[in-house]
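A short write-up of the structure that comes next.
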There are 2 protein chains.
Amino acid sequence: MDRLPFTYKEFLSKQTITLEEICRGLVKTNRDRINIKKEERAVQNLHRIVQAVLSLSQTKGFSAMSLRDLSQETDLSMGALYNYFNSKEELFQMIYTQGRTSVFDTLEANAVASDPELRLQQSICAHLYLSEALPRVFSFFFMEARNLPAQLQKNIISLEQLTEGFFEEILQEGKKKKQFALEDTQLTASAIKALLQDWYLKRYKFSTRRLNVEKYASFVIDFVGANLK
Amino acid sequence: MDRLPFTYKEFLSKQTITLEEICRGLVKTNRDRINIKKEERAVQNLHRIVQAVLSLSQTKGFSAMSLRDLSQETDLSMGALYNYFNSKEELFQMIYTQGRTSVFDTLEANAVASDPELRLQQSICAHLYLSEALPRVFSFFFMEARNLPAQLQKNIISLEQLTEGFFEEILQEGKKKKQFALEDTQLTASAIKALLQDWYLKRYKFSTRRLNVEKYASFVIDFVGANLK
DNA sequence: GTCTATAGTGCGATAGAC
DNA sequence: GTCTATCGCACTATAGAC
C-alpha cells in the first residue's frame, strides 16, 4: 500500500469539521425563521437540537421521533423549540440542506491534486475522514432521504449522486490520460461510493474490530486500485 | 470475464421465489395468530397486505405508514386487517422473521460447489438474483432493521451479518487452499456485501442505465476477483 | 425567551352489527 | 370474515402567562 495522501489528524487540522460549525451555518442561512435575537444563543441551542435529532433519528427514525422526545432530550420545552423552527418538517429540511452544503464544500476543498491517481486517493480519504468525524450526519442523509418532499427530491441532486459524479469525473480523466485501465467508469464510481458508504452505515460492525479509518482508507484505495491496472 | 455460474433465468427456474410463496410460509408459521380458517384465503389476503407494507414502507417508512394507509391500499377495512395480525408491531416482526428465513434458505441452497472460486461466484450470483427478484424485501430488511425490538436485535443475528459470515467462510477456505491471495478476509467479505447491497438499495440508479443483473454480477465478480490474485 | 396548558387532529385498536 | 363506528391516547402546533 502506498502512503495515504494525508492522515486523519492532518485532515481535521486543515478545517473545522464539527456539528457546531454546521449549526452556525444553519443559523446564518435561516436567520429569518429563527426567533432568537442573540446569534450565539441560537447556535448553541440549535446545536443541542440537531444533536438530539440525529441521535433520535438513528434509533427510531425521524418520522417516529416526536417533538416530546426532542423536548426531553434537549431540555427545552415544546414552546421553546418552536422558536428555532416553524414545523417538524422545516426542521428536517433545514438540517438536510445545510448538512449537504457543508459536506460537499469540504469534499471539494480536499481533492485538489491535478494527477488523477492522487486526486482519487484524496477524494477517498476526504470522504472517509469526513464521515468518520460526522457519522450520524451521513447516515441521517442516507436513511431519511425519503422524507424529503417530492419537489426537493427532484430539484436537489442528492448528495450521493453528487459525490458519485465527482468520482466518475476523476476516473474519466485518468482513463483519458491512459493512467487508469478500466472499462466502465460509472460502475466503478458506483462501487467506490458503496465502499465509502459502508464505513458510516455499518459503524457497529467495524467498531468491534481492530480497525481505524486510516486502515480502512488504505484498504479501499488498494481494493479499487487493483481494478485500475 | 469468465462465464457466470448460472443465468438469472436458470436461477428462477430452480426454485419458486415469489412474495406469494413467502406469504404462504408466513401463514404456516403463524397459523395460531391468524383468525382465518381457509388457508388459501389467508395466503392471498396476506400477500396483498405484505405487498402494501413493502410499498408503503419504501416511500414513507414503516413507522410513518398508518393502518389507514394499509387499509386503503389493500381494500380491507381496519377491522378485517386485525384478523391477520394482532398489532402493527406484530405484523412487522412476522414479515421480518419470515423473510429472513426464506432468503437465507435460498442463498444456502444455491452456493453448493466445493471449489471456493466457483462457490464465491455462485454466492454472488444467488444474492444478486434473489435481490433482483425481491428488491423491496431486501431494502425493507435494511431500512427497517431499527424497528426490531431490542430483544430480537440481540438474539437474532441480522441477515446482513449472516451473509457476510457466509462470504468470509468461502474466502477463508480459498485462502487456506492457496487459491486466493488476500490479506484481510473479513474486510473483503464486508466489501463484497457492500457491492451486493448497492444493487437493491440503489435500484433507481441502475434502472436508468443499460444494465441488467447479470452484467452487474459479472462486474462484481471481476471487481472482487482482481483482489484475489 | 421560555414556560405551561390546551386546542385540534390522526393514530392504533376494538366492539358489535351483519 | 368483514364492515362501520368509536374509544382513548399521543401527536403537532399554538396561545398566553411570566
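Here the structure is a predicted model, which is why all the values come from computation and not from measurement.
B:Phe142 does not carry B:Arg136 over the face of its six-membered ring by the limits of under 6.0 Å from the centre and within 45° of the normal.
Applying the salt bridge (charged side-chain N to carboxylate O under 4.0 Å, His left out) test to A:Arg100 and every residue at least two apart in sequence or in another chain returns nothing. Looking at residues two or more places apart in sequence or on another chain, you find no salt bridge (charged side-chain N to carboxylate O under 4.0 Å, His left out) involving B:Glu73. Residues forming a salt bridge (charged side-chain N to carboxylate O under 4.0 Å, His left out) with B:Asp69 (at least two apart in sequence, or on another chain): B:Lys60. Remark: A:Phe141 pairs with A:Tyr96 by the ring-ring contact (aromatic ring centres under 6.0 Å, His included) rule, at least two apart or across chains. Listed by chain and number, the residues in a side chain to side chain contact (heavy atoms under 4.5 Å, CB included) with A:Asn35 are A:Asn83 (sequence neighbours excluded). With sequence neighbours excluded, no residue forms a salt bridge (charged side-chain N to carboxylate O under 4.0 Å, His left out) with A:Glu10.
If you take CD of B:Gln72 and P of C:dG12, they are 13 Å apart, rounded to a whole angstrom. We find that CG of A:Leu81 is positioned 10 Å from C1' of C:dT2, with the value rounded to whole Å. The distance from atom CZ of B:Arg48 to atom C1' of D:dT2 is 12 Å, rounded to the nearest whole Å. In this structure, the CG atom of B:Leu76 is 16 Å from the C1' atom of C:dA13, given to the nearest Å.
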Distance-only criterion, 3.5 Å: show the donor-acceptor pairs between side-chain atoms of residues 124-132 of chain B and protein atoms not counting sequence neighbours.
| from | atom 1 | to | atom 2 | distance (Å) |
| --- | --- | --- | --- | --- |
| B:Tyr129 | OH | B:Phe6 | O | 2.8 |
| B:Ser131 | OG | B:His127 | O | 3.2 |
| B:Ser131 | OG | B:Leu128 | O | 2.9 |
| B:Glu132 | OE1 | B:Trp199 | NE1 | 2.9 |
| B:Glu132 | OE1 | B:Arg203 | NH2 | 2.7 |
| B:Glu132 | OE2 | B:Arg203 | NH2 | 3.4 |

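Near DNA chain C, meaning a heavy atom under 4.0 Å from it, residues 32-46 of chain A has A:Ile36, A:Lys37, A:Lys38, A:Arg41, A:Asn45 in order of number.
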Open item on the list: Counting primed atoms plus P, OP1 and OP2 as sugar-phosphate and everything else as base, spell out the protein contacts along nucleotides 11-18 of chain D at 4.0 Å heavy-atom distance: B, S or - for each nucleotide, 5' to 3'.
Closed with: BBBB----
